[in-house]
Amino acid sequence: MEKLNNSIDRSWIDKWNHPFIISGPCSAESEQQILETAKRLNSSYVQGFRAGIWKPRTKPNNFEGIGKKGLEWLHKVKKSTGLMVATEIANAEHVKLAISFGIDILWIGARSTASPFAIQEIADALEKENNKIILVKNPIHPDIELWIGALERLSGKGIRKLGVIHRGFYTYQNSRYRNQPNWNLVLNFRTLLPRIPILCDPSHICGKTEGILDIAKKAYHFQYEGLMIESHCDPDQAWSDAQQQITPENLLKMLKTLTHLEKSDQKSQRSLDSFRILIDELDENIISLLAERMDISKKLGTLKKSSDISIFQPSRWKDIMKKSITFGKSLEISEKFLEEVFQLLHQESIKVQNQIR
Ligand SMILES: O=C(O)C(=O)C[C@]1(C(=O)O)C=C[C@@H](O)C=C1
């Protein structure tokens, strides 16, 4: 781990005295769309222009990217605006093509990060390409070792300009996010690998335009080095992820707000807020789990009603309490506290089941 940390070349990000911003559409659709979006984004706030050329979609028969000709459009953006250009790569062929068109930043998507085979193929194809910036999105599930393993594979091939992107994690729970952020996991990542620049991708965390500013503010609190935010010259007409793209003008407005916030923020206030963000995140998880538990309790209530089984089940309840307290103790949670919490849970569960009768 130390070897990886020390090998990191941060020059590409340290030369800016403000966060590194990458923006652009989810997908390249037409030359006009690419050039117009880039023109409207081109300002001192934005350093990189992004566009997906190959789009790995969850299901087939969706638009899966414009392919190679999009690389020509990105090359034009680079020439006409001076912005660095970025795209997602998922295999050796993508790497070869992106390099041949002078793409500066290559990012690896969450699904690819989760696959050591894909990462090894990409790392092999990138061998000795030490000028490219490679950004690795977190794997879809919160597995920090898998994320670090991907970086080790790349670093093993001599790639030093590395960075990571927190784009949130898949969750099966109820969530107001498309991909649940996990600030605590990324804080742990920073402790383990302090030299690796961290960017945040609020567009993929939110899955819609509402909340993007809020997530970007949180990323600033945690001192992320940059953001990747999707923008489109005409978001309503976007061919993919239309609901999460904003106009270049709205992005610039947002970045102005963030710059102001960064300057005015007191250090002690910042760490207080950071802990509060972590607490808020956990509270949301607890509430979502409670809702799930109540839902199952309702189903049990219906079953009990139709089978004429009594609602209160003392031996089952005793068992739950005993198991929960033992588990809680192993995590250093006070027995009394857990007892009280579970009493309340049980009461509510009985109440919900009684309402069904
Ligand atoms: O296990 C059941 O039968 C339930 O309905 C669940 C539950 C609970 O919420 O934990 C609720 C009532 C019973 O007294 C025992 C447990």
Side-chain angles (χ1 to χ4, degrees), residues 58-59 110-111 114 138-147 166-189 191 202 204-208 210-211 214-215 218 221-222 243 272-357:
T58 305
K59 290 190 174 166
R111 292 178 175 94
N138 62 254
I140 36 181
H141 52 294
D143 182 345
I144 201 166
E145 287 300 316
L146 197 58
W147 202 1
H166 175 203
R167 51 77 84 192
F169 298 85
Y170 172 77
T171 176
Y172 192 60
Q173 283 171 21
N174 292 320
S175 171
R176 62 188 163 114
Y177 300 110
R178 178 177 179 192
N179 293 291
Q180 186 74 27
N182 191 330
W183 305 105
N184 205 21
L185 183 140
V186 185
L187 275 182
N188 290 338
F189 182 99
T191 311
H204 280 89
I205 289 179
C206 296
K208 50 185 185 308
E210 295 85 61
D214 185 48
I215 292 292
K218 288 180 180 164
H221 276 301
F222 289 112
Q243 65 292 350
L272 194 77
D273 287 346
S274 305
F275 283 120
R276 286 182 174 160
I277 291 167
L278 297 181
I279 293 267
D280 286 350
E281 180 183 320
L282 289 171
D283 286 350
E284 263 186 36
N285 285 340
I286 293 171
I287 294 168
S288 154
L289 287 171
L290 283 176
E292 232 175 281
R293 195 185 195 284
M294 284 310 157
D295 206 42
I296 296 174
S297 172
K298 272 184 211 155
K299 288 184 180 135
L300 269 165
T302 312
L303 195 73
K304 284 177 184 172
K305 184 182 172 189
S306 63
S307 315
D308 205 20
I309 298 171
S310 67
I311 290 179
F312 180 41
Q313 297 285 325
S315 69
R316 167 75 179 139
W317 174 239
K318 224 173 110 192
D319 202 35
I320 289 180
M321 197 60 134
K322 200 169 140 213
K323 272 195 289 193
S324 307
I325 286 174
T326 311
F327 180 52
K329 267 189 183 162
S330 74
L331 300 174
E332 294 180 20
I333 302 181
S334 120
E335 181 171 338
K336 186 167 177 298
F337 168 67
L338 264 189
E339 226 177 82
E340 282 171 10
V341 170
F342 273 82
Q343 289 288 5
L344 279 176
L345 264 182
H346 189 227
Q347 273 168 24
E348 185 65 17
S349 179
I350 300 246
K351 193 170 131 196
V352 161
Q353 292 187 12
N354 264 318
Q355 279 162 1
I356 295 168
R357 295 261 151 159

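Remember, it's 1-based here, ligands and their atoms both numbered in the order they're listed. The basis for the numbers below is simple: all heavy atoms, side chains too, and nothing from hydrogens, waters or symmetry mates.
In this structure, a donor-acceptor pair under 3.5 Å is present between the side chains of Arg167 and Asn179. For the residue pair Arg111/Thr58, the side-chain donor-acceptor check at 3.5 Å is satisfied. Side chains of Gln353 and Lys304: a donor-acceptor N/O pair is present below 3.5 angstrom, by distance only.
Interface atoms of ligand 1 facing Arg293, defined by a heavy-atom separation under 4.0 Å, are 8 (C), 9 (O), 10 (O). Near Phe312, meaning under 4.0 Å from one of its heavy atoms, ligand 1 places the atoms 14 (O). Heavy-atom proximity to Gln353, at under 4.0 Å, picks out these atoms of ligand 1: 4 (C), 5 (O).
Heavy atoms of Leu345 found under 4.0 angstrom from ligand 1: none, in either backbone or side chain. Contacts between Ser349 and ligand 1, counted as non-hydrogen atom pairs separated by less than 4.0 Å, involve the side chain only.
Between the side chain of His166 and the backbone N or O of Asn182 there is at least one donor-acceptor pair closer than 3.5 Å.
Aromatic pair His141/Tyr172: ring centres not closer than 6.0 Å. Aromatic ring centres of His221 and Trp183 lie farther apart than the 6.0 Å criterion allows.
At least one heavy atom of Ile311 lies less than 4.0 angstrom from ligand 1.
Nearest protein heavy-atom neighbour of atom 14 (O) of ligand 1: His346 NE2, 2.7 Å. In terms of protein heavy-atom proximity, atom 2 (C) of ligand 1 is closest to Lys304 NZ, 3.6 Å.
The option with the heavy atom closest to atom 6 (C) of ligand 1, from among Val352, Leu303, Leu300, Ile309, is Leu300.
Residues Arg276 and Asp280 are not paired through a salt bridge, judged by the lack of any N-O separation under 4.0 Å between the basic side chain and the carboxylate.
Of the N or O atoms in Gln313, one or more lie within a sub-3.5 Å distance of an N or O in ligand 1.
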